[in-house]
Protein chains: 2
Amino acid sequence: MKNEVAEILKRNQLSVTDSRQKILELFRLSNSALAHADIEKKTSEQFDRVTIYRTLQTFVEKGIVHTIPTTDNSVLYALCKDNCSQGRHHDNHVHFICDNCGTTYCLEHITIPNVEVPGNFVTKRTDVVVSGLCDKCS
Amino acid sequence: MKNEVAEILKRNQLSVTDSRQKILELFRLSNSALAHADIEKKTSEQFDRVTIYRTLQTFVEKGIVHTIPTTDNSVLYALCKDNCSQGRHHDNHVHFICDNCGTTYCLEHITIPNVEVPGNFVTKRTDVVVSGLCDKCS
DNA sequence: TAATGTATTGCAACTCTGTTGCAAAATAAA
DNA sequence: TTTATTTTGCAACAGAGTTGCAATACATTA
Ligand SMILES: [Mn+2]
Ligand SMILES: [Mn+2]
Ligand SMILES: [Zn+2]
Ligand SMILES: [Zn+2]
């Protein structure tokens, strides 16, 4: 729904532009996380590389998407569900990266366990990334 | 101890070269994880960039160091303790990245919790990365 | 709806990171 | 010491990410 996408942008005080609409739509249609390269492949005819970088950055800042750490010099992005906002992500779920097909899933229903850290360390964020074989590859 | 470093290399069926000795020593002297860039800064007068890339790759393959996922298009490396070997890492600990000073610690004594995944997913590896403020920055 | 100010985009140029092939050098084996 | 094997450095390249700036698109107000 183009309209719903525009709503999300407005709610986040972003002007509604073609690139933001299209890229946000891509995330909504995908059931897995996307890398910059994925988005570039699907939209490079339409948008400049730089625009994609800036759009992703903006989405992260606004709490529209969240990042997923990886071990291969890439960053993955996925939609934040509920009520994330500027600087406050509430995506408290585990991520799964398939070693075989590379697909990365937000396991929305599996919550991050509480992890103890030494006395004077302060936890701001905890990422849990599981890798292995996804349901399609196992 | 240069000698001990050489022992580790031999034990892993690697020929003992200047760059491997020096880089491995760097890891042993550091109490935090190192990125490629860190090693380059400390040794670029001595070794070519390419050699550092290849050395790190070799160390990971042999189980001498392990990687730590990040959210910023970089990969961190840290020494494996005990008995990791080719393809079999037993580093089952949590990592902590300080948002302020950037230092990344292996929390050797905090073990990775068991994380449930959906039925047909197969877990091969679980990474837990906590970020926030380290003891020096809090 | 049209005019205006503001925010976003595309482009060009650049830097930084990582990779590859190959000849020279270093290491290990005999 | 000689020889075979492995590793290194260099050069060249490819790809990823950044920045400044002018052109364009968007939001606002009249
Ligand atoms: Mn997610
Ligand atoms: Mn570690
Ligand atoms: Zn898969
Ligand atoms: Zn710190």
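Chain letters run A, B, ... following the sequence lines, proteins first and then strands; every chain starts at 1.
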| field | Heavy-atom protein contacts under 4.0 Å, nucleotides 12-19 of chain D, coded B base, S sugar-phosphate only, - none | value | ----SBBB
| message | Taking only side-chain N and O atoms of T17(B), does any of them lie within less than 4.0 angstrom of OP1 or OP2 on dT8(D)? | response | yes
| said: Tell me whether the side-chain N/O atoms of S15(B) come closer than 4.0 Å to OP1 or OP2 in dT7(D). | reply: yes
With [X] via side chain to side chain contact (heavy atoms under 4.5 Å, CB included) - residues at least two apart:
X: E108(B); result: K81(B), D91(B), H93(B), C106(B)
X: V16(B); result: A6(B), L9(B), K10(B), Q21(B)
X: S32(A); result: S30(A), T103(A)
X: K41(A); result: D38(A)

| Sequence neighbours excluded - side chain to side chain donor-acceptor pair (under 3.5 Å) pairs with any residue from residues 121-138 of chain B |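 Pairs touching residues 121-138 of chain B that pass the test: T67(B)-R125(B), R125(B)-D127(B).
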| query | Hey, what bend do you get for the helix from dT1(C)-dA30(D) to dA30(C)-dT1(D) if you fit axes on five pairs at each end, rounded to 10°? | reply |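 It works out to 40° between the end axes.
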| Going 5' to 3' on DNA chain C, which nucleotide is the first and which the last to come under 4.0 Å of a heavy atom in chain A? | dA7(C) to dG18(C)
| said: Distance check needed: dG9(D) C1' versus K22(B) NZ, whole Å only. | reply: 19 Å
Quick one: name the residues clustered hydrophobically with [X], using the 4.5 Å side-chain heavy-atom rule over I, L, V, M, F, W, Y, and just say none if it's on its own.
X: L29(B); value: none
X: V130(A); value: V94(A), F96(A), Y105(A), L107(A), I110(A), I112(A), V115(A), V117(A), F121(A), V128(A), V94(B), F96(B), Y105(B), L107(B), I110(B), I112(B), V115(B), V117(B), F121(B), V128(B), V130(B)
X: L133(B); value: V122(A)

| query | Any side-chain heavy atom of C134(B) sitting closer than 4.5 Å to one from N100(B)? | reply | no
| query | Under the ring-ring contact (aromatic ring centres under 6.0 Å, His included) rule, what pairs show up with a residue in residues 8-38 of chain A, not counting sequence neighbours? | reply | H36(A)-Y53(A)
